[in-house]
Number of protein chains: 2
Amino acid sequence: MNIEPVRKNSLTDSVRHQIVDYIKNNEKNGIRKLPSENDLSKALGISRVTLRRALGQLESEGMIMRKHGQGTFVNEEALKVKVNLSEMIDFSDIIRRAGQKPSHEINLLCEKSADADMAQLLDVEQGEPLVEVEYALYAGKVQAIIARGYFPKRILGDIPSDEVWNAHSCFEILAQYGRTLVECDRVKLQAVSRQEMEEYLGHETKIMNQTVLQLSSVGFDQNVVPVIYGEAFFDTNIIQFDLYRIKK
Amino acid sequence: MNIEPVRKNSLTDSVRHQIVDYIKNNEKNGIRKLPSENDLSKALGISRVTLRRALGQLESEGMIMRKHGQGTFVNEEALKVKVNLSEMIDFSDIIRRAGQKPSHEINLLCEKSADADMAQLLDVEQGEPLVEVEYALYAGKVQAIIARGYFPKRILGDIPSDEVWNAHSCFEILAQYGRTLVECDRVKLQAVSRQEMEEYLGHETKIMNQTVLQLSSVGFDQNVVPVIYGEAFFDTNIIQFDLYRIKK
DNA sequence: GAGTGGTCTAGACCACGGC
DNA sequence: CCGTGGTCTAGACCACTCT
């Protein structure tokens with residue numbers, strides 16, 4: 001039983017992927033200039049409008065740069081961004097991006113009723129049954145992330161077995177057992193001491209650093225209805241988040 | 001002598017601003033649905049393509065949500081983001097967004113030659129003269145940010161007087177005296193202890209928190225040539241960065 | 001002047017949601 | 001069924017850069 005996120009491939013999307021492939025294939029050759037928009041649109045058999053939509057998306061991500069009167073170029077500085085904070089990715093992928101091998105274990109899995117704060121964050125009635133789950137994530141053999149999540153129990157039809165929890169992330173379980181995709185989230189950042197983290201969690205951890213980066217996030221489904229609240233603590237000696245920003 | 005960032009207003013830009021105004025004006029009335037694309041484009045006297053380009057930009061920022069077959073809606077969750085980390089804004093504006101009154105003082109202003117690390121980061125020769133400047137920024141009466149910046153001295157024709165430094169940010173001085181606009185930057189995040197921060201800075205600070213968020217950034221001009229390197233330390237009890245992220 | 005990206009349009013057709 | 005947003009096109013004209 002696998003429910004995959006269904007994303008139709010528009011022409012623009014597939015063009016964008018072709019351009020990304022083109023860039024990756026020519027990375028070694030040192031080719032930093034793309035063909036002109038006219039040439040590219042003819043070569044791809046599409047209108048210039050569609051090509052420009054694809055290029056515009058890549059430009060807003062920072063992957064390419066366009067210079068009026070000169071051409072379109074690969075932006076090598078933006079490509080140096082590894083652990084991109086502005087992308088919504090799994091904890092495991094974050095560790096992979098940091099160049100490490102990810103693994104995880106479940107610290108905690110239980111039911112809890114929503115207190116006032118949680119009820120407001122998740123837009124549910126106070127007392128509504130929530131699932132509380134805590135993961136410890138390792139980069140190689142070192143603990144890099146502690147993540148705790150809360151979401152309404154009713155989203156899950158049946159509570160999966162421990163094996164399932166051990167093999168999948170919260171988001172995968174919400175997708176497969178709750179048919180709920182987290183499409184966007186709002187994140188708050190704080191720097192906290194290891195001691196503050198352990199007081200919040202209520203137990204000791206194997207995080208080595210004395211200071212950690214705390215990300216508090218509310219995840220929403222496609223209708224911007226809150227579905228999950230998470231608190232994650234990162235050892236920034238191991239996970240260094242990056243961002244590439246463009247002035248508007 | 002004021003050199004303003006020259007940004008031509010395209011039709012799409014002005015349409016986008018009109019939509020933002022529309023949203024702000026109707027925020028109080030509780031109107032969360034925008035007119036249909038056909039109606040809007042007719043009312044504004046523009047083609048639907050141009051309107052959709054403007055709406056698409058607002059959607060990628062999270063300000064609006066479009067539902068196929070239903071309409072376009074204001075995204076209230078995204079609007080809750082206050083101190084948006086994915087926007088390139090001045091330290092003073094960051095403090096304003098956090099709901100505080102900003103002020104700043106210069107801690108340090110001197111010349112320094114580039115060491116190996118700095119030479120690599122700024123893509124200059126080792127030994128090249130740099131300007132080193134350190135600001136302390138206050139939220140009300142509390143120290144909230146310490147920021148240190150380095151940039152090649154040759155960018156500035158003449159070194160401005162102390163008065164100018166006290167009245168402007170690094171970016172304003174680079175723009176007005178160096179005719180250099182910082183158009184994009186790459187940022188790295190770390191959580192560090194107050195002690196580590198003070199060791200890096202070489203002096204004590206008035207930051208109250210025991211842990212701070214460190215942002216290390218390289219700023220680039222419109223040709224993605226590095227022009228400034230900065231290390232900034234934030235008291236996240238006062239400045240809590242936010243992000244709204246959309247899955248791709 | 002030739003080539004590049006930047007902007008805008010009119011119009012067609014499709015897919016989804018609610019009535 | 002109708003109205004909504006989603007996608008794509010051909011073509012025009014402009015502004016910038018280089019030679």
Side-chain angles (χ1 to χ4, degrees), chain A residues 5-19 22-23 31-60 62-75 181 183 221-225 246-248, chain B residues 6-19 22-23 31-60 62-75 181 183 221-225 246 248:
Chain A
V6 180
R7 292 186 183 278
K8 289 165 300 186
N9 271 336
S10 67
L11 184 54
T12 308
D13 281 347
S14 79
V15 166
R16 197 179 64 239
H17 287 129
Q18 285 194 57
I19 299 169
Y22 176 92
I23 290 173
I31 297 178
R32 297 163 188 186
K33 186 166 190 280
L34 270 60
S36 78
E37 297 186 351
N38 264 320
D39 291 350
L40 254 184
S41 58
K42 278 173 193 160
L44 292 164
I46 57 167
S47 75
R48 197 178 149 218
V49 180
T50 301
L51 173 67
R52 276 184 61 77
R53 200 165 27 238
L55 290 175
Q57 290 173 14
L58 293 175
E59 188 183 30
S60 73
M63 179 167 273
I64 60 168
M65 271 209 59
R66 292 140 114 182
K67 296 189 191 177
H68 200 166
Q70 293 178 260
T72 303
F73 303 84
V74 176
N75 185 345
L181 294 176
E183 292 288 342
D221 67 11
Q222 75 274 16
N223 294 316
V224 203
V225 174
I246 301 171
K247 201 159 225 163
K248 279 170 193 160
Chain B
V6 179
R7 293 185 181 280
K8 287 165 302 186
N9 270 339
S10 68
L11 184 54
T12 308
D13 280 348
S14 78
V15 167
R16 197 179 64 238
H17 287 129
Q18 285 195 56
I19 299 169
Y22 177 93
I23 291 174
I31 297 177
R32 297 162 187 186
K33 189 168 188 278
L34 269 59
S36 77
E37 297 186 352
N38 265 320
D39 290 351
L40 255 184
S41 57
K42 278 173 193 160
L44 292 165
I46 56 167
S47 76
R48 198 178 148 217
V49 180
T50 301
L51 173 68
R52 277 184 62 75
R53 198 163 30 235
L55 290 174
Q57 291 173 14
L58 293 176
E59 187 183 31
S60 72
M63 179 167 274
I64 61 169
M65 271 208 59
R66 291 139 116 182
K67 295 189 191 178
H68 199 165
Q70 293 179 258
T72 303
F73 303 84
V74 176
N75 186 344
L181 294 176
E183 291 288 342
D221 67 11
Q222 74 273 18
N223 294 315
V224 202
V225 174
I246 302 171
K248 280 171 194 158

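Lettering of chains follows the sequences in order, A, B, ..., and the numbering in each one begins at 1.
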Item to check | Contacts of type side chain to side chain contact (heavy atoms under 4.5 Å, CB included), residue B:Ser47, not counting sequence neighbours | outcome: B:Val49, B:Thr50
Next on the checklist: Quick one, B:Asn75 with B:Ile64, criterion side-chain contact (heavy atoms from CB on, under 4.5 Å). Give me CA distance, side-chain angles, the key distance, then yes/no.
Outcome noted: CA-CA 5 Å; B:Asn75 186 344; B:Ile64 61 169; 5.7 Å; no
Item to check | Residues in salt bridge (Lys or Arg N to Asp or Glu O under 4.0 Å) contact with B:Glu37, at least two apart in sequence or another chain | outcome: B:Arg48, B:Arg52, B:Arg66
Next on the checklist: List the residues meeting side chain to side chain contact (heavy atoms under 4.5 Å, CB included) with B:Lys42, not counting sequence neighbours, and say none if there are none.
Outcome noted: none
Next on the checklist: What is the separation between atom CD1 on A:Ile19 and atom C1' on C:dG5, rounded to the nearest whole Å?
Outcome noted: 14 Å
Next on the checklist: Is the phosphate of D:dG5 approached by B:Thr72 (side-chain N or O, under 4.0 Å from OP1 or OP2)?
Outcome noted: yes
Checklist outcome for this item: Regarding the side chain of A:His68, the nearest nucleotide among C:dA10, C:dT4, D:dG11 is C:dT4
Next on the checklist: Does C:dT9 have its OP1 or OP2 closer than 4.0 Å to a side-chain nitrogen or oxygen of B:Thr50?
Outcome noted: yes
Checklist entry - Quick one: A:Met65 CE to C:dT4 P, roughly how many Å, whole number? => result 17 Å
Item to check | Atom-pair distance (CG on B:Leu11; C1' on C:dT7), nearest Å | outcome: 9 Å
Checklist entry - Going by heavy atoms closer than 4.0 Å, what residues in residues 31-48 of chain B are next to DNA chain C? => result B:Ile46, B:Ser47, B:Arg48
Next on the checklist: What is the distance, to the nearest angstrom, from the CG atom on A:Leu51 to the C1' atom on C:dT7?
Outcome noted: 15 Å
Checklist entry - Between D:dA10, C:dT7, D:dT7, which nucleotide gets closest to the side-chain atoms of A:Val49? => result D:dA10
Next on the checklist: Run the side chain to side chain contact (heavy atoms under 4.5 Å, CB included) test against B:Gln222 and tell me which residues pass, sequence neighbours left out.
Outcome noted: B:Glu183
Item to check | Most 5' of B:Gln70 and A:Thr12 on DNA chain D, judged by nearest nucleotide | outcome: B:Gln70
Next on the checklist: Please enumerate all residues that pass side chain to side chain contact (heavy atoms under 4.5 Å, CB included) together with B:Leu44, with sequence neighbours excluded.
Outcome noted: B:Val15, B:Gln18, B:Leu40, B:Ile46, B:Leu51
Next on the checklist: It should be established whether B:Arg52 places a side-chain nitrogen or oxygen under 4.0 Å from OP1 or OP2 of nucleotide D:dG6.
Outcome noted: yes
Next on the checklist: Whole angstroms only, please: what is the CZ-C1' distance between A:Arg66 and C:dG3?
Outcome noted: 16 Å
Next on the checklist: From CZ of B:Arg53 over to P of D:dT7, roughly how many Å is that when rounded to an integer?
Outcome noted: 15 Å
Checklist entry - For the atom pair CG (B:Leu58) and CZ (B:Arg16), what is the distance rounded to the nearest 0.5 Å? => result 6.5 Å
